[in-house]
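Given the structure is predicted, the values throughout are model-derived calculations rather than measurements. Per chain, numbering begins at 1; letters A, B, ... match sequence-line order.
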Amino acid sequence: MNAYNGFSLHRWLGIMIKEFIQLRRDRLTFGMIVGIPIMQLLLFGFAINSDPKHMPTAVVMADPGPFARSYVAAMQNSEYFRIVGSVDEREADRLLDRGDVQFVVTFPVGFHRDLVRGQMPTLLVEADATDPMATGGAISVLKHLGIEVFAPDLPGLRQPANAPVDLRIQRRYNPEGITAYNIVPGLSGVILTMTMILMTGLAMTRERERGTFENLLATPATPFEVMTGKIVPYILIGLIQVTLIFLAARWIFAVPMHGNLFLLYGVVLLFICANLTLGITFSSIARNQLQAMQMTFFFFLPSLLLSGFMFPFRGMPEWAQAVGSVLPLTHFVVLVRGILLKGNGPELLWNHVWPILLFMLTVLALGLKTFRKTLD
Amino acid sequence: MSGTLVIDVAGLNKHFGDKHVVRDLALQVREGEILGFLGPNGSGKTTSIRMLCGLLTPDSGRGSCLGFDVLKESASIKRQVGYMTQKFSLWDDLTIRENLDFVARMFGMRKRREAVAQALEELGLAGRRDQLAGTLSGGWKQRLALASCLLHEPRLLLLDEPTAGVDPKARRDFWEEIHRLSAKGITVLVSTHYMDEAERCHQLAYIAYGVLLASGTAADVVASQKLQTCEISGAGIQGLAEALRQLPGVDQVASFGNTLHVSGTDGQRLQSSLQAFIAGRSLSMTAVAPSLEDAFIRLMQASQDQFRG
């Protein structure tokens, strides 16, 4: 047998050693190898919870009797609800629209009296069902709560057939609990995050990798011209992507579109710009296209998991919510669901617009600072 | 030589990390001159050129390029400089015409279309203008790169090893073009490793380990090394280079076909050593004028001794 054709441990070792050396030199890849599993472990293990508790709940108290109070206390004790306060009906609506509360519980006039008389007063629970997954657990708890709370004081309730109250649950914005209503609008944000950051991330590193960056720098073009000029085509691509998703949402998934279309596109444009700014900043930090891709992935993963797109935002622990609040996708998901499903107007959006703006400006400043006008 | 100074810099320094890449570079080039920039690989030629056109910021130093401050007015310098990078740096995935058009736009040229059409015509690429630049051969890429940096009618050309990997015919055409441009008053700074190209330059500057070691005309540079060179020929000469190198007074030995060029700075010792060496061998010896290459090898060795200890 020819010595050059058989398996050679020497050659094999040589290849293995070379691979180890190269891997060690590529710090970012090495960091990813360690960082990605840790990040996933933390996110999936600690941050994600598909049975969220402590959800903000507003109470509309038309009859502040002791029964109503003990019912509210029981809700709080169930750990699924966190009572944020007692408000009037109009304020309650606004809180739901803005997404500040997940539930509104309304105790009608004469609640106490009707309850004592065994007349089954109506207890209205309105849930923000834009994300059906977030409300499921809490609603099922609510169904058993009535008997437990009132049984000690109302012995007539011992027979299980007699429900103390007429519990009416209204799933607002998505009465049938259709998952697509929740997923499809959010998906537009996920797709934009991925493609916008990646494409612009590659835009500048490609020039650097191919050596054409030097030629570009030798011309009188300014960093601002280069950065913004490179962004524009991708804005257009982003708008086309979003339009396709919205068309599909409307005609294939029959997602309701209650809000103003201009408002929607305004928010989309802001979100696209925020992502492109991040992409182009990655691009000026990364040394090659691979690094730009790795950075994109490193940003994309928490965006996907912590934004409330995949898992209920309110189900996450506080630290994860804090991280999530920095990410533009978190706010975009709320904004798009708000406009499409709730028909929110501009006055309800600002709360989630300024964090995206702030993110964008911070990243832009960082990008212009790191953009190298020279080859230094 | 008279004429205004197009490049006039002194004390330029550049570090990359703890590596001192260019040390106290001083350079003067007059209008319309062709300056050959020479030196071994990694000697700081490219870094120097990049500092002149504003792609790198010098750590210290002062001077002007085209009348603009090299430290503060790099934007104005870029407008009037044509810089040709060592590696082909036009866009492979744009066509020839698109590349020229893009560069013309970057320089904000007013009669862009005409200028691009004319450049294509002069290049002889008008018929292939829609071909992707990446598919061109090395020689054509070089011509395209030159055309693209001439597009905005620069007053100074900075060419970084423009003829590396180009065949002799294309190289000769290239140098004819450089001389035509020089005659029109365009100043050219060109780095090269080729001796024949160095000899085509008006002035030379030799840089090694970031230090400018010699400058002047080719004759000046050769004279500055105070070399004496003897050409030795005869039977069995191939095996003698190593023995010759050991002789007192011999600084370098170089093979030229069937002859050896033996050089040294101490003429008398060189002569006596060689005479003793050829005595009894069937060799002949004639004194020749040292070539530019002899001078450069000498410079390179001297700088190695100096910087490597």
Side-chain angles (χ1 to χ4, degrees), chain A residues 24-28 195 198-237 279-280 283-293 366-376, chain B residues 14-17 21 46-47 49-59 68 70-71 73-94 98-100 102-109 133-134 141 144-146 148-149 151-152 154 156-160:
Chain A
R24 206 189 53 203
R25 300 255 156 85
D26 187 355
R27 294 246 176 88
L28 196 71
T195 51
L198 188 61
M199 281 195 286
T200 42
L202 298 182
M204 204 90 81
T205 41
R206 185 163 49 228
E207 302 258 4
R208 198 169 286 134
E209 221 166 274
R210 294 185 185 170
T212 52
F213 195 57
E214 190 175 358
N215 210 327
L216 197 61
L217 282 181
T219 71
T222 66
F224 185 75
E225 286 164 359
V226 175
M227 281 179 99
T228 50
K230 272 180 166 292
I231 278 179
V232 173
Y234 299 106
I235 294 182
L236 219 66
I237 290 175
I280 212 102
S283 200
S284 53
I285 297 170
R287 262 172 298 149
N288 52 47
Q289 298 193 59
L290 180 69
Q291 287 194 350
M293 278 180 73
L366 194 74
L368 285 173
K369 217 180 129 162
T370 51
F371 184 94
R372 280 155 283 183
K373 202 174 168 181
T374 59
L375 292 166
D376 287 282
Chain B
K14 184 72 192 174
H15 296 79
F16 290 132
V21 186
T46 300
T47 305
I49 291 175
R50 284 176 175 170
M51 282 197 284
L52 288 174
C53 64
L55 282 181
L56 288 175
T57 326
D59 295 334
F68 298 107
V70 283
L71 288 164
E73 297 174 297
S74 65
S76 306
I77 295 173
K78 282 179 185 176
R79 247 174 266 280
Q80 298 194 40
V81 167
Y83 171 47
M84 187 167 157
T85 52
Q86 196 169 349
K87 184 174 162 272
F88 181 70
S89 65
L90 288 170
W91 289 264
D92 281 348
D93 46 0
L94 293 185
E98 286 163 348
N99 264 303
L100 292 174
F102 176 73
V103 173
R105 273 184 200 274
M106 285 298 102
F107 284 97
M109 292 183 61
K141 277 185 178 168
L144 175 61
L146 181 65
S148 94
C149 63
L151 212 52
H152 61 291
L156 169 65
L157 274 181
L158 301 173
L159 310 173
D160 196 0

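Note: A:L217 CG to B:M106 CE = 12.0 Å, rounded to the nearest 0.5 Å. From B:L55, atom CG reaches atom CZ of A:F213 across 10.0 Å, with rounding to the nearest 0.5 Å.
Across all their heavy atoms, A:T219 and B:K78 have their closest contact at O-CD, 3.4 Å. Smallest separation of non-hydrogen atoms from B:K87 and A:R210: NZ-O, 2.7 Å. Closest non-hydrogen pair, B:Y83 versus A:A218, comes out as CD2-CB, 3.8 Å. Minimum heavy-atom separation, A:G211 to B:S89: O-CB, 3.2 Å.
When the shell of 6.0 Å around CE of A:M293 is examined, it contains 12 or fewer heavy atoms from other residues, nucleotides or ligands.
Under 4.0 Å is where a charged nitrogen must lie from a carboxylate oxygen, and between B:D93 and A:R206 no such pair does.
Taking chain A as the reference chain and counting heavy-atom pairs below 4.5 Å, the highest number among B:L90, B:I77, B:L158, B:T47 is found for B:L90.
For A:E207, the part sitting under 4.5 Å from any heavy atom of chain B is the side chain, from C-beta outward, and nothing else.
In this structure, A:N215 and B:F88 have side chains that are not in contact, with every pair of non-hydrogen atoms separated by 4.5 Å or more.
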